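Here's the structure we're looking at; comments come further down.
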Amino acid sequence: MPSAAVSTVPSWRVRGGHRVGVVATAEYRRRIGLDTRRGGQWMDNAIGLPIAWTTTTWDGPPHELKAMIAALWRIAPETPWFDAAHHNPTARG
């Protein structure tokens with residue numbers, strides 16, 4: 001996914017770890033069909049963000065998750081990260 005198609009990077013806690021994903025722009029999701037895949041709308045509604053099919057489990061330690069976010073900000077400082085566990089949207093720029 002090109003960085004221009006990423007509007008937010010959310011993370012949240014789940015039993016046993018974290019999930020990390022991207023919220024793609026509506027145009028990108030429509031163009032590649034993310035909004036039409038089975039189960040996607042249910043997942044998006046359950047989480048409250050359009051992240052179906054663009055997430056993964058994070059099994060690493062918390063300091064590595066923070067290092068990944070720091071790397072994101074170096075590469076694309078305009079991209080916000082949303083920590084759903086703390087309801088803490090942050091942006092660098």
Side-chain angles (χ1 to χ4, degrees):
M1 174 182 303
S3 62
V6 176
S7 61
T8 306
V9 176
S11 66
W12 62 98
R13 290 180 189 259
V14 293
R15 247 182 278 153
H18 278 84
R19 297 283 296 174
V20 176
V22 296
V23 175
T25 62
E27 190 279 326
Y28 183 82
R29 294 181 67 78
R30 189 174 40 257
R31 189 178 48 174
I32 66 168
L34 288 175
D35 291 332
T36 59
R37 289 187 184 174
R38 187 178 183 107
Q41 292 175 346
W42 174 87
M43 181 184 281
D44 291 348
N45 290 335
I47 300 296
L49 294 168
I51 50 84
W53 318 117
T54 59
T55 67
T56 190
T57 301
W58 179 265
D59 292 328
H63 74 274
E64 288 183 4
L65 178 60
K66 290 178 182 177
M68 182 187 68
I69 297 302
L72 163 73
W73 284 337
R74 283 192 301 277
I75 295 166
E78 70 285 354
T79 303
W81 168 52
F82 182 78
D83 182 352
H86 297 104
H87 305 287
N88 180 22
T90 57
R92 296 256 326 239

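Computed from a predicted structure; not experimentally measured.
Residues V9 and G21 approach most closely at CG1-O, 3.3 Å, considering heavy atoms. Across all non-hydrogen atoms, the minimal contact from W73 to T79 is NE1-O, 3.3 Å. In terms of heavy atoms, W81 sits closest to S11 at NE1-OG, 3.0 Å. Between P80 and S7 the shortest heavy-atom distance is CD-O, 3.2 Å.
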For residues 57-64, tabulate all N or O donor-acceptor pairs below 3.5 Å that involve a side-chain atom, not counting sequence neighbours.
residue	atom	partner	partner atom	Å
T57	OG1	R19	NH1	2.7
W58	NE1	G60	O	3.1

